Every structure is written in structure tokens, then in C-alpha cells.
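Input: a single structure, listed below in C-alpha cells.
Just so you know, these numbers come straight off a predicted model, no measurement behind them. The first residue in the sequence is number 1, and the count goes up from there. Order of listing sets the numbers, starting from 1, for every ligand and every atom in it.
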Amino acid sequence: MAKKMHFKGIIFDLDGVIVSTDEYHYQAWKEVSDEYGIYFDYEINERLRGVSRMESVDIIMEKAERHYTEKEKTDFATRKNNVYRRLLSGLSSRDILPGVESALDLLAQRGVLLAIGSSSKNTPVILERIGLAERFQAISDGNHISKSKPDPEVFLLAANRLKLAPEDCLVVEDAVAGVTAALRAGMAVLAVGSASQDKRATFRALDLSFSDLIKFF
Ligand code: BG6
Ligand code: MG
């Protein structure tokens, strides 16, 4: 079957697609893991891409020397988030990834509906800090869903909020879990960055260059 090439709306993942928060996540998890004496490195951080906060704790604790209770895991996640929020106060429009602003401008001019579909509960604060909060017609994030990527819930909610059918939406994702979520939602997905080698993706690109995006609308 030929790939559908034209869409009415686009749902962007946030972290790693719109804005570079990788290093902030890494530093926050590293600081708290060091406090607890749990090994953490960039390779483990890479496995947390697109994964919810509590599921991230389970991945990090695979390296722990003892069992942690659910309460201890929640405390660990809260401490990480406190450090992360402190680091996010340094976030600005300089952290917007290359190509994003010009792509958003052109898509908006063409009347394409724009949404965010992110696992992050920090989505509102991140969008405010980078000055893009007003650019999206719908936001679907970690505060609105009960099942994180690879579950399709976050993208189905975004499409619903745009009043579009799944097949009219293109998702842009940098996480393998997010590519799975988009496909399970019945949406086409453009995989970028870390997911750009994922052969299941409908389309693939190294980064979000505006010429790559505009051809879909
Ligand atoms: C995703 C990130 O966007 O959000 C993950 O790729 C992160 O690394 C997840 O764990 C949840 O983020 P937050 O901000 O709710 O802790
Ligand atoms: Mg991402």
C-alpha cells in the first residue's frame, strides 16, 4: 500500500524533538542516583527517552544493590524532579532544536493544526520557558494520561483535541517508545534523532529540517 503523504495535523513529541532537555534529565537523574549510590550513565539515560518518570526509576534501579519500596521509588522520582525543575529554570528559547521555529511558522501559515504529545508532566513549564506555549492548538501530556508511551493514549488524546482522525495526523518522535505509540494509534510517524534508524517508522530524518516537514502538508 502506498504511504499516505498528506496530513491535516501534526503532533510533536516535546523532549528531543522541539527542545533539548536530555542533558538536564541526565544531570538530575545522575545527582539523585549518586546520592543513593546507584550507578547511572549516559547509556542508561538514553533508555529513558520517551519513558515516564516512574518507569524511568524502574530502569535506573535495575542497577541498585537492594530492593526499593514503592514509597522509596516515589521519593527518588520526586527528588529527581525537584533537581530537574531547578535546572529547567535555566531553559530558554536557545534550547529550541534547530529547524523547529521556522517549521512551526510555515506549518501555521499553511493552516496545519499543531499539537504536542509528550509523556512529560513538565510540558507546561517547558513550553512557557521556551516561549512556544501559544503556538499549539492542543496539548496532550503526562498530566492528562494514565498510560505512557508506548501506549497510544497520549497521541489519541492529541488528535481528539485537534478534532482530527488518527489517519489525518503525522507524529514526529525521537524515541522508539514514541514510534511504537504512534503506530499503535494508527498514525504515520516521522522518526528523528535517536529514533531515525527505527525501520518501523513511516518516514525517517536525522533532524527536523523544515523542508522535510513541509512536504507532508
Ligand atoms: C519524556 C522524556 O518526554 O518525558 C523522558 O523523553 C521523561 O525522558 C518523560 O522521563 C517524563 O518526564 P517528566 O518531565 O514528567 O519527568
Ligand atoms: Mg522525546
Check your understanding: Could a heavy atom of Ser56 be found less than 4.0 Å from some atom of ligand 1?
Key -> yes
Check your understanding: So, does Leu14 sit close enough to ligand 1 that a heavy atom of it is under 4.0 Å from the ligand?
Key -> no
Return yes if a side-chain donor-acceptor contact under 3.5 Å exists between [X] and [Y], otherwise no.
X	Y	value
Asp15	Asn122	no
Glu62	Tyr39	no
Gln27	Glu23	yes

Of the N, O or S atoms in [X], the one nearest the Mg ion (ligand 2):
X	answer
Asp174	OD1
Asp15	O
Asp13	OD2

Salt-bridge criterion met for [X] and [Y] (N-O under 4.0 Å):
X	Y	answer
Lys149	Asp13	yes
Asp75	Arg79	no
Asp105	Arg135	yes

Review point. Taking non-hydrogen atoms only, is Thr21 closer than 4.0 angstrom to ligand 1 via side chain, backbone, both or neither?
Key: neither
Point to revise | Donor-acceptor pair, side chain of Arg161 and main chain of Ile139, under 3.5 angstrom | key: yes
Check your understanding: Any sub-3.5 Å donor-acceptor pair from Thr180's side-chain atoms to Val176's backbone N or O?
Key -> yes
Please identify which atoms of ligand 1 are closer than 4.0 Å to at least one heavy atom of [X].
X	result
Gly50	2 (C), 5 (C), 6 (O)
Arg49	6 (O)
Val51	5 (C), 7 (C), 9 (C), 10 (O), 11 (C)
Leu48	5 (C), 8 (O)

Practice item. Scan Leu91, Thr21, Val100 and name whichever one has a side chain to side chain contact (heavy atoms under 4.5 Å, CB included) with Ile130. Key: Leu91
**Study point:** Heteroatom N/O/S of Glu173 within less than 2.8 Å of the Mg ion (ligand 2)
**Key:** no
Point to revise | Protein heavy atom at shortest distance from atom 11 (C) of ligand 1 | key: Ser120 CA, 3.7 Å
Point to revise | Axial cation check for Tyr26 ring with Lys30, 6.0 Å and 45° limits | key: no
Looking only at distances, please establish whether an N/O atom of ligand 1 is found under 3.5 Å from an N/O atom of [X].
X	value
Asp15	yes
Tyr84	no
Lys121	yes
Arg53	yes

